[in-house]
Amino acid sequence: MLENNITANASGSDDFSDKSGFDTDLDVKTKQKSKRPALYRVILLNDDYTPMEFVVYILQELFHKSEEEAMIIMLTVHNQGAGECGIFPHEIAEAKVAQVIAKAQKDQHPLKCFMEKQ
């Protein structure tokens, strides 16, 4: 089928332009590397009123930590004043912080939580 579209010109070479049915102009598209989204650390702060059991519950319920992981993070918060719950993209970190604050307020605990860029 391709040979029907080939014609010899005066110089004897084959002419593929327009009659070949192929686009001879190449569109070169460069692939842009997508940036990884910025990540944010979700941090719990220690206070003198929130029970340790509630902090463990929050870590297990909202951050899907095992009991052992939750205990380690809770003790870090208790002993060092703050502890990291996880690292997330901005929207997820923001939602986690809001969930922690909402649960703490609902149960009347002064637990504080914030996020910071990693």
Quiz prompt | Close side-chain approach of Leu44 and Leu59, heavy atoms under 4.5 Å | solution =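 Leu44 reaches Leu59 side chain to side chain.
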Quiz item: If we only count heavy atoms from C-beta on, is the Asp107 to Phe54 side-chain gap below 4.5 Å?
Solution: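 Yes, side chains in contact.
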Provide the closest heavy-atom pair for [X] versus [Y] in the form atom of the first, atom of the second, distance.
X      : Y      : value
His109 : Thr50  : CB-OG1, 3.7 Å
Val97  : Cys113 : CG1-O, 3.6 Å
Tyr40  : Pro89  : CD1-C, 4.3 Å
Val77  : Gly83  : CG2-N, 3.4 Å
Lys96  : Leu62  : NZ-O, 2.5 Å
Lys65  : Ala70  : CB-N, 4.0 Å

Would a single hydrophobic cluster contain both [Y] and [X], if residues Ile, Leu, Val, Met, Phe, Trp and Tyr are joined by side-chain heavy-atom contacts under 4.5 Å?
X     : Y      : result
Val56 : Phe63  : yes
Val55 : Leu45  : no
Ile92 : Val100 : yes
Leu39 : Met115 : no
Met74 : Ile101 : yes

Practice problem: Look only at the side chain of Asp47 and the backbone of Tyr49, and say whether a donor-acceptor pair between them is shorter than 3.5 Å. | Solution: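 Side chain of Asp47 to backbone of Tyr49: a pair is present.
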Exercise. Taking Lys103 for its side chain and Ile58 for its backbone only, find out whether a donor-acceptor pair lies under 3.5 Å.
Key: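 No, the answer is negative, given that no donor and acceptor are paired below the 3.5 Å cut-off.
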Enter the distance from [X]:[atom1] to [Y]:[atom2] here, rounded to the nearest 0.5 Å.
X      : Y     : atom1 : atom2 : answer
Met71  : Glu67 : CE    : CD    : 7.0 Å
Gln118 : Ile87 : CD    : CD1   : 4.0 Å
Leu75  : Gln80 : CG    : CD    : 10.0 Å
Gln60  : Glu68 : CD    : CD    : 11.5 Å
Phe114 : Arg41 : CZ    : CZ    : 7.5 Å

